[in-house]
Amino acid sequence: MRCGILKRMATDVLIIGSGGREHALAWKLKQSPRVGKLYVAPGNGGTGMLAENVDISVMEFEKLARFAEEKRIGLTVVGPDDPLVGGIVDVFKSHGLRIWGPSKEAAQIEGSKAFSKQLMQEAKIPTAEFALFSEPHTALAHVRTHGFPIVIKASGLALGKGVYICRSFEEAEHAITEIMIEKIHKDAGNEVVIEEYLDGPEISIHALTDGITHVLFPSSQDHKRALDGDEGKNTGGMGAIAPVPWVTSQVMTGIDSAVVIPTFEALKKRSIQFQGLLYPGLKVTLDGLKVLEYNARFGDPECQVYMRLLKTDLLDLLDACVDSTVDVVKKSVEWHRGFAANIVLASGGYPDAYQKGFPITGIEEAEKVEGVVVFHAGTILRGSTLYTNGGRVLGVSAVGGTLKQALDRAYEAVGKIHFEGMHFRRDIGAKSLS
Ligand code: AMP
Ligand code: GLY
C-alpha cells in the first residue's frame with residue numbers, strides 16, 4: 001500500500017545532457033525514493049544503463065518540451081550551458097513545465113563575458129582588470145599598450161576553448177585573428193574581453209539557489225589543463241577533488257560575502273531571478289581571491305565529486321529551487337565526511353582532434369575497488385560493447401576518509417581501465433596533498 005502511494009507520488013525526471021556531469025546527476029537521482037522514471041536526453045553509454053536515453057539533442061527545445069509533456073515529466077534538470085544560454089528554461093516554462101536551471105536572461109552570466117565582467121565591475125566583485133572590444137584593430141591597439149602575459153577571451157560560449165593566454169604580441173595577434181577575423185568560435189567571438197593574467201591556484205564554488213536564498217556547497221577544484229603540471233591546452237576539465245583541504249570554512253565565508261552574495265544582489269538589482277546553480281570559478285592570487293568567470297550550471301567534473309559526497313536527496317534540493325523553498329531545506333543539507341576525487345580519462349589528442357569508436361574495457365574491475373564509481377561521458381553502448389564516443393570518455397571517481405585515500409583508490413581503478421589512446425593526468429589533487 002505504502003509502496004503504491006510512493007509510486008503515485010513519484011516524480012518522473014528528465015535530465016538534459018550527455019556528459020559525466022549528467023551521468024552523475026542521474027546516478028544520484030536514481031537513489032531518491034521519490035524519483036519515478038528517469039530519462040536522459042541524449043545521454044551516453046552510462047546513463048543508458050540506469051535510465052532511459054532519449055534520442056533528442058540538447059538544443060531541440062520544442063521537441064524536448066513535447067517529450068516532457070507526453071511523458072508527464074515532473075521535473076526537467078538541465079546539465080550543460082548551451083541549452084541554458086539558448087533559453088531552454090523559458091521554452092519549458094512557456095509550456096507550463098517544471099524545469100530546474102536559470103532562464104536565458106540569468107544564464108547570460110555565463111553566456112556573455114561582457115555581461116559578467118560589467119556586473120562584477122558594478123558590484124565591486126574582485127576580478128581581473130579588463131577591457132571589452134568589438135573591433136580587432138582596437139583590441140590589438142590595446143594589447144600594444146600592455147605587458148605579457150595577457151589573456152584574450154571570446155565573450156560568448158566556446159566549449160572552454162575561447163580563452164587564450166598570450167605570452168607575446170605574436171600570440172595575442174594570433175588569438176585576435178582566430179577569434180575575431182577567422183571566427184573559429186563563430187558569434188562567440190563578436191566581442192573579446194582582454195584581461196590581466198592572474199596567477200595562482202583555481203577553485204570552484206557552487207551555490208544552489210531559488211533566487212532568494214542560496215546554499216553553498218563545499219569547495220572543489222578542477223584541473224583545466226590537458227597535461228601534468230598544468231601544462232598543455234585548456235580543456236573542459238581533466239579531474240576534480242572536493243573539498244579542497246586548504247580552503248577553510250573562514251575562506252568560504254569570505255567568498256560568500258565578497259563574491260556570492262554580491263553577485264546575487266547585483267542580479268536582483270537588474271531584476272534577474274537566478275534559479276539553479278551558480279558556479280563562480282576563482283583564482284587565489286597574492287592579491288586575494290578573484291573571480292575568473294561565472295558558470296550557470298554544475299561544473300563538469302566538479303558535479304561528479306559533489307554527487308559522491310552529497311548525502312541529502314538531490315531531488316529535494318532541485319525541487320526547493322523550483323518551488324522557492326531553499327530557505328526551508330538549507331539547514332538540512334548533509335554531506336558525507338571525507339573527500340572525493342574524479343580522474344578524467346580522455347581520448348588521445350583531446351582537446352584537439354581525436355578518434356572515436358575504440359572499445360573500452362575494465363570498468364567492472366575498476367568499480368570493484370573500494371569507494372569507486374565510474375561515470376561515463378563520451379561513451380556509447382553498441383550491443384554489449386562500450387565504445388569511446390567523445391573527448392572526455394570516463395570519469396573515475398572515488399571517495400575516501402582522506403584526500404590521499406580518495407586519490408589512491410581512483411588511480412588504482414584507473415589502472416584497470418583501457419581504451420586505445422587513453423590519456424589522463426597523473427597529478428590530480430597532488431598540489432593539495434602537500
Ligand atoms: P574561463 O572560461 O574564463 O573560465 O577561462 C578558462 C580557464 O582559462 C580558466 O579556468 C583559467 O584556467 C584560465 N584563465 C581564464 N582567465 C584567466 C586569467 N585572467 N588569468 C589566468 N588564467 C585565466
Ligand atoms: N569544470 C569546468 C567547467 O565545468 O566549466
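On a predicted model such as this, the values are computed, not experimentally measured, just so you know. Counting starts at 1 for both ligands and their atoms, in listed order.
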Subject >> Atoms of ligand 2 close to G299 [distance to a heavy atom under 4.0 angstrom, numbered from 1] >> reply: 4 (O)
**OP:** Check whether any heavy atom of G237 sits under 4.0 Å from an atom of ligand 2.
**Re:** no
**OP:** Of all the heavy-atom pairs spanning C321 and T209, show the shortest one and how long it is.
**Re:** SG-O, 3.4 Å
Subject >> Polar contact flag, side-chain donor to acceptor under 3.5 angstrom, T379-Y387 >> reply: no
Original post:
Quick one: do E265 and K268 make a salt bridge, cutoff under 4.0 Å?
Top reply: yes
Original post:
So, H423 versus Y350, ring centres under 6.0 angstrom or not?
Top reply: no
**OP:** Assess whether atom CD of E122 is packed by more than 12 heavy atoms of other residues, nucleotides or ligands within 6.0 Å.
**Re:** yes
Original post:
Where does D222 meet ligand 1, judged by heavy-atom distances below 4.0 Å: at the side chain, the backbone, both, or neither?
Top reply: neither
Original post:
In terms of atom number and element, which parts of ligand 1 are under 4.0 angstrom from non-hydrogen atoms of K224?
Top reply: 9 (C), 10 (O)
Original post:
Just wondering, are more than 12 heavy atoms of other shown residues or ligands nearer than 6.0 Å to CG in D352?
Top reply: yes
**OP:** Answer yes if the side chains of Y164 and E171 hold a donor-acceptor pair under 3.5 Å, and no otherwise.
**Re:** no
Subject >> ligand 2 N/O within reach of E302 N/O, cut-off under 3.5 Å >> reply: yes
Subject >> Pair R297 + E302: basic N to acidic O under 4.0 Å >> reply: no
Original post:
Is ligand 2 under 4.0 Å from a heavy atom in the side chain of R297, in the backbone, in both, or in neither?
Top reply: side chain
**OP:** Looking only at protein heavy atoms, identify the closest one to atom 13 (C) of ligand 1 and say how far it is in Å.
**Re:** N234 ND2, 4.0 Å
Original post:
Numbering the atoms of ligand 1 from 1, which are under 4.0 Å from a heavy atom of K153?
Top reply: 3 (O), 15 (C), 16 (N)
Original post:
Is R21 touching ligand 2 with its side chain, its backbone, both, or neither, if touching means heavy atoms under 4.0 Å apart?
Top reply: neither
**OP:** Heavy-atom contacts with E195 under 4.0 Å: which atoms of ligand 1 show up? List them by number with element.
**Re:** 16 (N), 17 (C), 18 (C), 19 (N)
Subject >> Shortest protein contact, atom 23 (C) of ligand 1 (heavy atom only) >> reply: L292 CD2, 3.7 Å
Subject >> Protein contact to atom 4 (O) of ligand 1 [nearest heavy atom, distance to 0.1 Å] >> reply: E293 CD, 2.5 Å
**OP:** Check each of E196, E202, E129, E110 against atom 11 (C) of ligand 1 and report the one with the nearest heavy atom.
**Re:** E202
Original post:
Taking both backbone and side-chain atoms of Y197, is any N or O found less than 3.5 Å from an N or O belonging to ligand 1?
Top reply: no
Original post:
Are D230 and R225 close enough for a salt bridge, meaning some N to O gap below 4.0 Å?
Top reply: no
Original post:
What about F169 and F148, are their ring centers closer than 6.0 Å?
Top reply: no
Subject >> R98/D319 ion pair, N-O < 4.0 Å >> reply: yes
Original post:
Which ligand 1 atoms, with their elements, are less than 4.0 angstrom from a heavy-atom of I165?
Top reply: 22 (N)
Subject >> Close N or O approach (K224, ligand 2; < 3.5 Å) >> reply: no
Original post:
With a 4.0 Å heavy-atom cut-off (strictly under), which part of D199 contacts ligand 1: side chain, backbone, both or neither?
Top reply: neither
Original post:
Are any of the heavy atoms in A240 under 4.0 Å away from ligand 2?
Top reply: no
Original post:
Under a 4.0 Å heavy-atom limit, does R225 contact ligand 1 with its side chain, its backbone, both, or neither?
Top reply: neither
Subject >> Ion pair check, E195 and K117, cut-off under 4.0 Å >> reply: yes
**OP:** Closest by any non-hydrogen atom to atom 21 (C) of ligand 1: pick that one out of L198, L282, T285, V163.
**Re:** L198
